[in-house]
Amino acid sequence: MEKILQQLCANAVHELYGVEVAAEQVIVNETPKDFTGDYTVVIFPFVKAARKSPEQVGNDIGQFLQTRLEEVASFNVVKGFVNFELSDAFWLKTFVEMAGNDQFGQANPTGKKIVLEYIGPNTNKPLHLGHIRNMLVGHSVAAILSANGHEVHKVNIYNDKGINISKSMAAWKLEGKGETPQSSGKKGDHFVGYYYVLYNKIATEQAAPFIAMGMKDREAEKQTAIYALTEQFNRDWEAGSPEVLELWRIMNGWVYQGFKETYRMLGIEYEKAYYESECYQLGKDLVIGGLDKGVFLKQPDGSIWVDLSDEQLDQKVLIRSDGTSVYITQDIGVADLRYRDFKPDQLIYVVGDEQIYHFKVLKLTLEKLGMPYAPLIYHLSYGMVDLPEGKMKSREGKVVDADDLIAEMLQTAEDHTKELGKTEGMNAEEASQLYKILGLGALKYFMLKVNAQKRLLFNPQESIDFQGHTGPFVQYTYARIRSIMRKFEGDYQLPNFPLTALHPLEKNIIVEINKLPHTISVAAETYDPSVVANYAFSLAKTFNKLYAELSILNNENPATNTFRVALAAMTARNIEKALHLLGIDVPERM
RNA sequence: GAUCCCGUAGCUCAGUUGGAUAGAGCAACUGCCUUCUAAGCAGUAGGCCAUUGGUUCGAAUCCAAUCGGGAUCACCA
């Protein structure tokens with residue numbers, strides 16, 4: 001509709017004033033609440049060419065459109081704006097079309113293939129709040145891109161080798177005494193994470209004398225015995241020592257087992273996992289190939305570097321002087337492998353904004369290597385999650401643990417539900433299912449409603465709300481509608497409704513429902529789930545207003561009942577779709 | 001020091017490619033459940049859109065400078 005208005009306005013300006021205007025240049029907005037109308041055209045841009053007052057130009061254009069477009073019921077001019085009010089017949093027709101389209105909100109296939117990497121945990125400690133944001137954003141963006149017609153493949157990357165897991169291994173070797181997750185009753189990832197924290201404790205103790213001598217923290221850590229063991233493990237691993245590999249496999253296995261439970265709880269899945277341990281060699285080969293081609297340089301100590309000083313960045317190490325790989329080495333290998341696996345049109349990396357620099361380097365390095373997929377790389381960066389006292393620090397154990405937080409949310413949902421006395425008539429299984437839907441809904445909505453690029457403040461003291469601009473608010477609207485649909489006896493899926501006039505509140509809902517496809521395309525273009533979250537809220541709010549002011553089932557005219565149930569059903573469908581894009585489930589009752 | 005991000009109500013955030021009187025939620029205060037679920041609805045109050053200057057019919061939005069906050073610039077990942 002916006003496009004039609006744009007085109008007609010351009011025609012109007014051309015015919016009335018003899019000035020060519022591109023249709024895209026015409027500004028069409030939704031009419032703000034306090035004015036009458038549905039769409040508003042800004043006419044200031046034409047005033048000069050017309051040599052008339054803004055009011056006159058507005059009237060001219062308004063007249064022109066009203067005679068050409070039957071959907072225009074009326075128009076009014078305020079200062080430099082023409083507000084067009086569209087006919088109820090138009091909105092009814094729009095509604096019937098939307099209601100009849102099962103695929104409403106699903107765009108046609110674009111043929112674009114996207115590989116989206118997310119989660120990307122290290123295997124030395126459990127998942128935390130930052131990972132939750134990563135998982136939710138990645139999962140949601142993938143769903144949104146699919147809805148926008150792209151073919152999306154979700155993949156995960158495990159940073160399963162290197163110095164960090166070696167630290168957990170070293171601490172376990174020294175202090176573990178053969179303990180296992182089973183024997184200790186701990187979840188696998190928490191178990192291994194415990195030894196990572198223990199490593200830091202031991203290292204800090206052992207480093208103290210060196211710090212007293214005036215060494216910097218990092219230097220002092222390198223002097224410690226436990227660090228020596230860690231490095232030994234790391235070198236032996238790369239040398240292929242069977243005992244070290246065995247220990248490494250066992251400890252990683254524990255971690256994967258633990259991660260799996262968390263993924264399942266959050267409804268997160270991926271199609272394929274990549275492992276640093278399986279890609280670093282390929283990365284090293286590619287780097288050495290680059291050295292042979294002369295695009296990288298080798299220092300006398302044997303380390304290999306890429307020089308990005310022409311691109312305003314520094315020189316970066318690609319292979320250490322001892323021949324071992326660094327973080328970026330594996331990413332080069334992973335990118336290459338992934339490209340060969342999928343032949344994608346785009347490679348998206350959902351990774352925190354602290355790594356913006358890293359991805360710039362990665363992209364430029366691959367460009368220097370002449371890789372065809374270098375331009376396909378897109379770093380979808382999201383902001384860190386802050387606690388009131390600042391950044392989370394996992395090495396100090398100052399983190400909000402993912403599993404703890406999820407458990408807490410479910411408990412809060414249960415408390416709320418019981419307090420409101422809403423468990424009546426539910427069996428235990430239904431009830432616990434509901435707590436899960438609501439608790440996770442609250443958590444996911446909380447994390448996705450703010451723009452992913454922004455930093456997010458999380459205060460564990462203030463529990464996540466269940467009222468207002470929240471997931472449960474939207475879910476509640478859905479549950480209410482479902483309740484009405486259960487009570488209504490009749491067919492509301494009529495192709496036509498014998499109505500001629502719309503109540504303003506009814507029209508508001510049709511207008512909101514109509515926005516879903518546009519919302520999805522904006523969200524897809526900006527990789528931003530918060531657009532969808534805000535849409536769901538706005539739709540629910542619009543419906544709640546009608547619900548409070550008008551009756552849906554108890555009208556004198558049965559046609560009104562039928563139509564309003566149809567409106568409600570369509571609202572519920574859109575809510576369900578929007579929440580689905582956020583990875584949030586909807587309850588039949590709550 | 002260099003590069004990048006961010007400053008909107010007491011708090012957490014929206015605010016389309018520059019458009020009309022800057023919007024929600026939380027917290028505070030008022031009302032509304034003998035009709036479809038009150039996890040709701042209606043209302044009151046709360047703003048020098050960090051500051052200054054510029055661009056123009058028009059700026060929270062674009063540009064510049066300043067102030068404040070953050071991230072990154074590891075032979076960590």
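Throughout, a chain's letter reflects where its sequence line sits, starting with A, and its residues are numbered from 1.
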Asker: Can you tell me how far CG of N557(A) sits from CZ of F563(A), rounded to the nearest 0.5 angstrom?
Answerer: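 One finds 12.0 Å between CZ of F563(A) and CG of N557(A).
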Asker: Looking only at atom C1', what distance separates rU12(B) and rG46(B), rounded to whole Å?
Answerer: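 Looking at atom C1' only, rU12(B) and rG46(B) are 15 Å apart.
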Asker: Which nucleotide, in any strand shown, forms a Watson-Crick or G-U wobble pair with rU51(B), with both distances under 3.5 Å?
Answerer: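 Pairing partner: rA65(B).
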Asker: Can F473(A) be classed as stacking with the base of rG40(B), given a centroid separation cut-off of 5.5 Å and a plane angle cut-off of 30°?
Answerer: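 Base of rG40(B): not stacked against F473(A).
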Asker: Can you check rC67(B) for me, syn or anti if syn means within 90° of 0?
Answerer: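 Chi for rC67(B) falls in the anti range.
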Asker: What is the distance, rounded to the nearest whole Å, between atom CZ of F44(A) and atom C1' of rA59(B)?
Answerer: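 Roughly 14 Å, once rounded to whole Å.
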Asker: Indicate whether OP1 or OP2 belonging to rC41(B) is found under 4.0 Å from a side-chain N or O atom of N544(A).
Answerer: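 It does, given that an N or O in the side chain of N544(A) lies less than 4.0 Å from OP1 or OP2 of rC41(B).
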Asker: Can you tell me whether the side chain of S321(A) and the base of rC75(B) have a donor-acceptor pair closer than 3.5 Å?
Answerer: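 Donor-acceptor pair under 3.5 Å: yes.
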Asker: OP1 or OP2 of rA14(B) sitting under 4.0 Å from any side-chain N/O of K449(A)?
Answerer: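 No, K449(A) has no side-chain N/O under 4.0 Å of OP1/OP2 on rA14(B).
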Asker: Any side-chain N or O of K454(A) under 4.0 Å from OP1/OP2 of rG70(B)?
Answerer: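 Indeed not, no polar side-chain atom of K454(A) lies that close.
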Asker: With rounding to the closest Å, how many angstrom separate the C1' atoms on rA27(B) and rA9(B)?
Answerer: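 Per the computed distance, 12 Å lies between those C1' atoms.
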Asker: Does the side-chain ring of Y476(A) sit on the six-membered ring of the rG40(B) base, less than 5.5 Å centre to centre and under 30° in tilt?
Answerer: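 It does not: the two rings, one from Y476(A) and one from rG40(B), miss the stacking criterion.
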Asker: Expressed in angstrom and rounded to an integer, what is the separation of R320(A) atom CZ from rA74(B) atom P?
Answerer: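 It is 14 Å, rounded to the nearest whole Å.
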Asker: Determine if F537(A) stacks with rA24(B); use a centre-to-centre distance below 5.5 Å and an interplanar angle below 30° as the criteria.
Answerer: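 One would not call F537(A) stacked on the rA24(B) base.
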Asker: Taking atom C1' of rC6(B) as reference, at what distance in whole Å does atom CD1 of I356(A) sit?
Answerer: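 So the CD1-C1' distance, I356(A) to rC6(B), works out to 12 Å.
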Asker: In whole angstrom, give the distance that lies between atom CD of Q6(A) and atom P of rG19(B).
Answerer: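 It is 15 Å, rounded to the nearest whole Å.
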Asker: Check the phosphate of rA38(B) against K422(A), side-chain N and O only, distance under 4.0 Å to OP1 or OP2. Yes or no?
Answerer: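 False: K422(A) side-chain N/O out of range (4.0 Å or more) of rA38(B) OP1/OP2.
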Asker: Between N561(A) and N555(A) (side chain of the first, backbone of the second, donor and acceptor by atom type, cut-off under 3.5 Å), is there such a pair?
Answerer: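 Indeed, once roles are kept as given, a pair shorter than 3.5 Å links the two residues.
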Asker: Between Y547(A) (OH) and rA38(B) (P), how many Å, whole number?
Answerer: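 So the OH-P distance, Y547(A) to rA38(B), works out to 5 Å.
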Asker: Give I319(A) one of three labels, base, sugar-phosphate or nothing, depending on what nucleic acid heavy atoms sit under 4.0 Å from its own.
Answerer: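 Since no nucleic acid heavy atom lies under 4.0 Å of I319(A), the category is nothing.
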Asker: Rounding to the closest angstrom, what is the interatomic distance between rU66(B) and rA74(B) at atom P?
Answerer: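 Looking at atom P only, rU66(B) and rA74(B) are 26 Å apart.
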Asker: Answer with base, sugar-phosphate or nothing: what part of the nucleic acid does V42(A) contact at a heavy-atom distance below 4.0 Å?
Answerer: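 Base: the residue V42(A), judged by heavy atoms under 4.0 Å, touches a nucleobase.
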